[in-house]
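First comes the structure, then the notes that go with it.
Just follow the structure's listing: the first ligand is 1, and inside any ligand the first atom is 1.
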Amino acid sequence: MKELNIELKNNPYKIIVENGLLDNVGKYISDVYKGNKIFIITDDIVEKLYLKKVINSLGGYNVDYVVIPHGEESKTLKYYVYVCEELLKKDVRRNNLLIALGGGVIGDLTGFVAASLYRGIPYIGIPTSLLSQMDSSIGGKTAIDFYNRKNILGAFKQPLRVLIDPLTLNTLDDREFNNGMGELIKHGAIGNKKLLDLLLDKPKINEDIIVESLSVKKKVVELDEFDTGERMSLNFGHTFGHIIEMKYGYKHGEAVAIGMLMALKMGIDLGVTPADCYPTIKKILELYNLPTVEYDYKEYLKETFYDKKNIAGTINFIFLSELGKYTIYKLTEEEIKEKL
Ligand code: GLY
């Protein structure tokens with residue numbers, strides 16, 4: 001069993017990582033939840049795989065659940081309303097506990113319900129996809145999509161605890177597993193050279209690797225809980241990645257892989273990133289079958305200025321200053337024209 005403490009002043013919490021943890025959920029929540037009623041929110045795929053197991057592990061609690069269809073279409077107002085209505089029908093109270101059992105959609109939606117229903121209900125995340133274990137389940141960003149925009153209605157709401165069972169990765173198909181690897185590799189690139197060295201040997205993704213990766217996100221979230229500064233380092237590969245994801249329909253982690261290579265090229269051209277960072281990251285991406293197709297970053301620079309992270313005509317690009325270290329580099333459209 002491995003533990004990481006997210007040390008936030010008002011909302012500190014633990015991430016527990018353990019093989020087979022889904023059989024022991026009750027044991028791992030009893031010190032933070034003293035009530036009796038628990039509502040699990042999950043989707044129709046995770047329901048079949050793990051719901052029974054988790055309910056069985058919660059002996060002694062009064063457990064009920066709400067199931068929604070899997071997929072991004074459920075991260076909408078329609079299913080936000082559905083989940084709230086189902087919970088209210090089942091007489092949810094503000095001191096009950098919600099458990100988000102599933103991938104990023106379940107985590108983001110349940111977190112937003114937990115942030116807003118009764119102005120806040122405690123919730124615990126049990127992320128079951130590698131992508132959600134690596135990213136969205138940590139750091140308290142909750143949201144639904146609305147008005148054709150991703151994550152536009154949301155709130156910061158830190159979970160009471162995050163429980164990760166690496167054995168859930170065994171039921172992911174290869175493409176979904178590699179999708180999560182995109183974010184895991186990103187953590188190595190911006191904050192943990194040791195993790196990159198380990199990945200070069202293509203290890204099995206176990207408790208240790210997950211904790212090495214999450215220790216990077218932990219530091220960043222502790223520095224910047226509400227995403228006003230350092231947290232933007234997590235966007236390494238995302239500025240170009242989002243454009244590529246929207247345009248060509250890659251999965252998120254795949255687009256981040258391509259976006260990291262584009263950011264590396266740009267950083268090298270600007271003299272910020274040492275040239276040898278590129279082949280190392282590319283090799284690791286290849287080991288995990290992530291796309292390494294070359295897209296010319298210069299062709300996409302204009303579009304970066306339409307990004308929601310564009311603040312007053314300046315883009316904060318995230319580059320590597322060495323393997324395992326990032327730097328935030330501000331550029332205006334005019335500066336880009338001058339320098340590149
Ligand atoms: N997904 C980026 C963040 O949590 O800030």
Counterpart residues, salt bridge (charged side-chain N to carboxylate O under 4.0 Å, His left out), relative to Asp91 (two or more places apart) | Arg93

Criterion ring pair (Phe, Tyr, Trp, His ring centres under 6.0 Å) on Phe112 and Tyr80, from CA distance to verdict = CA-CA 8 Å; Phe112 189 47; Tyr80 169 80; 5.1 Å; yes

Could you list the residues that satisfy salt bridge (charged side-chain N to carboxylate O under 4.0 Å, His left out) with Glu85, not counting sequence neighbours?
-> none

How would you list, by chain and number, the residues with a heavy atom under 4.0 angstrom from ligand 1?
-> Asp135, Lys141, Lys217, Arg231, Leu234

Do you see a donor-acceptor pair shorter than 3.5 Å between the side chains of Thr228 and Asp224?
-> yes

Results of salt bridge (charged side-chain N to carboxylate O under 4.0 Å, His left out) for Asp43 - residues two or more places apart only | none

Classify the angle between the aromatic ring planes of His242 and His238 as parallel (below 30°), tilted (30 to 60°) or perpendicular (above 60°).
-> perpendicular

